[in-house]
Undergrad: 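Pasting in a structure now, in structure tokens, and then I'll have a few things to ask.
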Amino acid sequence: MIGPRIDLSEPGGIAVALLPELILTGWCLVLMLAVAWRHRDEEDQRFVGHLALIALVTTLVAVVWFWIRDVGPVGLEVMVALDGFRYASATIFLLGGILAVMLSLGYLGRERMVVPEYYLLLLLATVGMMFMGGGADLIVIFLGLELMSVSVYVLAGINRRSVFAAEAALKYFLLGAFASAFFLYGIALIYGSTGSTNLTFIYVQVTSLGLESNLMLSVGVGMLLVGFGFKVAAVPFHMWTPDVYDGAPTPVTAFMAAAVKAAGFVALIRVLLQGLAPADAVWTEAVWWLAAITMVVGNLIALAQRHLKRMLAYSSIGHAGYLLTAVASGTELGAAALLYYVFAYTLMTVGAFAILAASGRGGEREVLIDDFSGLAQRRPWLAFAMTVFMLSLLGFPGTAGFIGKWYILSAAVDADQAVLAVVLVGASIVSAGYYLPVIMAMYMKPPISEAAHETTRVGGAARWVVGATAALLLLFGVWPNRALDVARDGSRQLTPDVMVTVSR
Amino acid sequence: MPASVGWVWLVVLLPLAGFVANGALSLLRPEAKRAVSAIGVGVLVLSFLIAVGVVGGVATAAPHSPYVLTYWQWMPAGGLEIDLAFQVDQLSAVMLMVVTGVSMVIHIFSVGYMGDDPGYARYFAYLNLFVFFMLVLVLGANFPVMFVGWEGVGLCSYLLIGFWFENNAFADAGKKAFIMNRIGDFGFLIAMFMIFHAVGSLSFVEVFEAAPGTFEVGGTTITLITLALFLGCAGKSAQIPLYTWLPDAMAGPTPVSALIHAATMVTAGVYLVARTNVLFAIAPVSSFVVAAVGAATALFAATIALKQWDIKKVLAYSTVSQLGYMFMGVGVGAYAAGMFHLTTHAFFKALLFLGSGSVIHALHHAYHATHRHEDAQDMRNMGGLRRAMPWTTGFMWVATLAIAGVPLFSGFFSKDEILAMTFVRGHDAGAFYVLWMVGVVAALLTAFYMTRMMLYTFHGPNRTGEQERGHLREAPWVMTGPLLVLAVGSVFAGLLNLPAILPGSGWLHHWLEPVTEGSAAYLPDLHLGSDTEWMLLGLATVVAAAGILGAWNFLKPAQLKPAREAPVETGIQRVLLRKWYVDEIYDWLVVRPVMWMSDRAFWKVMDVKVIDGAFVNGSATVARALGWVGSRFQTGSVGVYLFLFVMGVLILMRAVIR
């Protein structure tokens, strides 16, 4: 069955194709008005938060509607893509956004932060991500990237009373601006060599003009990789990550670790597969090394951390390495693996940060892994959920993390990158060295004091976040088939299906 | 395929359902004994009835090739394809009847025997689980499915031997059984690997079809395969050298001894040889090893049984000895004779064990009533029980006459057929005459020690104690009823396979022909002249009579003293009582060196120093140190970050530009 076809060559067609983004943008305007109207106290803030939740859910409905109807383009994808990959990635971003809002509802009040703009920024960042995942043109992707980044810079420093948050925001902004410059320069060079910023057209040009080893194109691709490498926190462009994750409010950290990183990866693999697949000789090796170094460094440094928040920050760098492995395979199987893993990773990261948020105060910077000692005695269900998250992050069989990792490994082996697969497995073994101590502390050590865990509480919406993420991780760990099929369908024909007649 | 055969999955699944239900009850409501009995016995009755239907279907259709019922693909991996499939043919039909029938009777007996035990629900859960695994074992259509059952019954055996695990010695007996069986299972596994390597399949039908073309007669490969298989059999069926666990297994409740350690599980090895008869027929050396080990075990265990005082130990060694006969049968190529003895033995040995259970039950209650702590299993504390327990005495005598080989009782026919077939093989190879002689001597000893057991237990004066005597009671009907059923079987099971000289002869032999015909080409014609046959029957009768009368005349129950006052044995008697010191020899030769190696070399050096120290802790330390070094770059200064960033850009550019 072929779904509705939209002609992207005329403005009306593009407007229809951008319906989900337009809906969310419209909601942003509504939220802006609401914030201007009510911004005095916690009550107002919750009201805005619920509005944001409604906004994200309605957008999700629109995306899913597009997805189910299998909306596609007539001819070339101009500016914006209309494929399963876009819908799947948008669903993941919206899911990440919904989980972050739900976490924030109780968190902001507890931390005595009254900043209703918070939710507006979260929505704007989500719009940016959707453009990143759905852009069929480097300029659209860059616009999305900037929209997302600027919003997240502000979110990182939204707690104006925290000096760490201010420091985090400033560092993030400085380094981010630096990286964006590389990104934009890369676009310029690619445009210079191919004459286009449209991904499919770049593909055609590279093939027909024989630009596979063109110097200008190569440098452009390298610059793009630097820009993306920064966004996804690949070593050695990762230095901002621990400081920013550490300083930002925990729900923002969760949002950054999950959705922001996911957006970076989705855009990266789209650019590489849809636009630069013919020049894969240029980028495969570079991505290969980025993946290997990121996995090793991220996991090793995480081993040395004693604070949970910093540990999770480094662990997210390690996971960026796993995802880069999927990218390095350069195949649609790799793209499918990436989609599945990003989905699972969103669930487990948000879940882990949700429990961190429940257990600490004041940004949770000071929560040690040992502070979880005896949690299983006092809060058995919370400890169980945390166990699920840790095991899933570790890639333990029975959890979605295992299936995702296995899928990445099979993509890597399929692309003759067995060495990278071995590095991934080795890095995973190292990661056991810091995930398992959390479980050990919860189950095998006595509580530090009588009063320990007295204040640990997941209230309201956060409880749903923890419960739903843990349940989904277990569900997709034992019944992954359907989700795997969806990921595979979404990634099918990401590489353009155009006949190119080479004439030299 | 007859419709009733399609129901065979229900035969298997019902005991599993019983296990689940009783297992849940044992955790949630262990005091609900009526529900436990209803479930535990109910599933077995249903299972038995359906099994009758299945076997009836096989009987009417008389298929030439087995029915294979494939349920789902279990392990597809490259060239290896293993289905979860059951195979119904004449051989599994025999086992189906024996297993469900005897299990049902013993489950009913257990209701009375275990009635007062606090672990009642747990007991029935284990027992149901055992039946499930045993049925998987006999119905499996390929080696791996059979192996699942094989391991499963081993597990249940372990759980039930150590059922009263509060007692350390009992728990140890369970462990001993488990470890001994593991040695055998190793052989089974090796055999499976080799078969897959040679044939490329593990399904029975395919392997037996391919075997004649794949293996040369008497070749090394097939000899090694069958010897490895027989190692598995020796473990499971308690043959030399792996038999020592079975007497210790008597630590379990007596119905368990009857079911698992006499009638069903321990005969799995015989079943395996019969099932793979094609393979064994191609390997004459292995077959001779099977027969020789069987004969040696039959005699060796019989000598030990002569001097045991524990009534269950006598029966345990008797079981080992009778299993030896069965292996002798399948070893000489008389597969039907081996299966025949397996069937008759299931009846009379189960009866003997349940009867001894009934005796122990009575003594236990008597001592319990007077609060004395005496050994309720020691025959020196029994004597003259026939006055208090006439029914049990009668049934036990029926079983004794059957096992001793008195004419017209079932054991007479089945044992005689094995000996006769061994004798026939002697025509081509003189060594079989030796095996036959050994078998005859063992038969004499069997008659002797069984009569001894009966004399000391039920005849002569009572030695239980003045006060206890009045408390000795016959068991309730729920226990004597099953005895009656088994006694009927012990008498009439011989009709299944009468000798050639009698009318209606060899029914089981013909029944099993579709299964064993593949091996017939490799074996000499096992036919006996009628003169020889009469001569052998006469000899068997004389031997049985000599054993029984000898014991009756030589032994003086009146001179026995209760266990507490009995004198210490000396000389050969002591050697026999201590079981030829085999346990001590094994301890000295195997257990102690292994323990020493495990303790000094493997644990304290290999594990603690090398694995834990160098590998585990060493690698962890290195990784942590590297992580610490890496974290030193995280200074917090944007300048440092930018520096590394630019370095990264340069390296990346180097990678991209070529």
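Chain naming here is simple, since letters A, B, ... match the order of the sequence lines and numbering starts at 1 in each. Note that the coordinates shown come from a computational prediction; the quantities given were computed from them, not determined experimentally.
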Undergrad: Would you mind checking which part of Y434(A) comes under 4.5 Å of any heavy atom in chain B, side chain (CB onward), backbone (N, CA, C, O), both or neither?
TA: neither
Undergrad: State whether the number of non-hydrogen atoms from other residues, nucleotides or ligands found under 6.0 Å of F173(A) atom CZ is greater than 12.
TA: no
Undergrad: Looking only at heavy atoms and a cut-off of under 4.5 Å, which of P242(A), A286(A), G433(A) has the most pairs with chain B?
TA: P242(A)
Undergrad: Select, from S619(B), A620(B), A623(B), the one with the greatest count of heavy-atom pairs under 4.5 Å involving chain A.
TA: A623(B)
Undergrad: Given side chains that start at C-beta, do those of V297(A) and F633(B) come closer than 4.5 Å, heavy atoms only?
TA: no
Undergrad: Relative to chain B, which segment of V226(A) carries a heavy atom at a distance below 4.5 Å: side chain, backbone, both, or neither?
TA: both
Undergrad: Examine whether an atom of A281(A) lies under 4.5 Å from a heavy atom of chain B, and if so say whether it belongs to the side chain, the backbone or both; otherwise answer neither.
TA: backbone
Undergrad: Give, as side chain, backbone, both or neither, the part of W289(A) having an atom under 4.5 angstrom from any heavy atom of chain B.
TA: neither
Undergrad: Decide yes or no for Y641(B) and K171(A): does some side-chain heavy atom of the first lie under 4.5 Å from some side-chain heavy atom of the second?
TA: yes
Undergrad: Below 4.5 Å, heavy-atom pairs only: which of I657(B), V646(B), I651(B), V649(B) has the largest tally toward chain A?
TA: V649(B)
Undergrad: Measure distances from V629(B) to the heavy atoms of chain A and classify the residue's part below 4.5 Å as side chain, backbone, both or neither.
TA: neither
Undergrad: Would you give the length of the straight line joining atom CE of M647(B) to atom CZ of F237(A), rounded to the nearest 0.5 angstrom?
TA: 11.0 Å
Undergrad: Evaluate the criterion side-chain contact (heavy atoms from CB on, under 4.5 Å) for residue pair Y314(A) and Q634(B); output intermediate values, then yes/no.
TA: CA-CA 11 Å; Y314(A) 279 107; Q634(B) 201 71 38; 3.1 Å; yes
Undergrad: Tell me whether the count of non-hydrogen atoms from other residues, nucleotides or ligands lying under 6.0 Å of NZ in K604(B) goes above 12.
TA: yes
Undergrad: Taking it one step at a time, do V638(B) and W240(A) satisfy side-chain contact (heavy atoms from CB on, under 4.5 Å)?
TA: CA-CA 8 Å; V638(B) 179; W240(A) 59 276; over 6 Å; no
Undergrad: Got a donor-acceptor contact below 3.5 angstrom from the E285(A) side chain to the V656(B) backbone?
TA: no
Undergrad: Taking every heavy-atom pair that is under 4.5 Å apart, which of L225(A), L174(A), I293(A), V219(A) has the most such pairs with chain B?
TA: V219(A)
Undergrad: What option among V640(B), L626(B), T635(B), L642(B) has the most heavy-atom pairs under 4.5 Å with chain A?
TA: L642(B)
Undergrad: Check the angle between the aromatic planes of F178(A) and F645(B) and answer parallel, tilted or perpendicular using the 30° and 60° thresholds.
TA: perpendicular
Undergrad: If you tally heavy-atom pairs under 4.5 Å against chain B, which of L215(A), L300(A), V235(A), L290(A) wins?
TA: L300(A)
Undergrad: Can you tell me if CZ on F182(A) sees more than 12 non-hydrogen neighbours from other groups inside 6.0 Å?
TA: yes
Undergrad: Looking at chain B, which one of N299(A), L303(A), T284(A) has the largest number of heavy-atom pairs inside 4.5 Å, strictly under?
TA: L303(A)
Undergrad: Can you confirm whether more than 12 heavy atoms, excluding those of F178(B), are under 6.0 Å from its CZ atom?
TA: yes
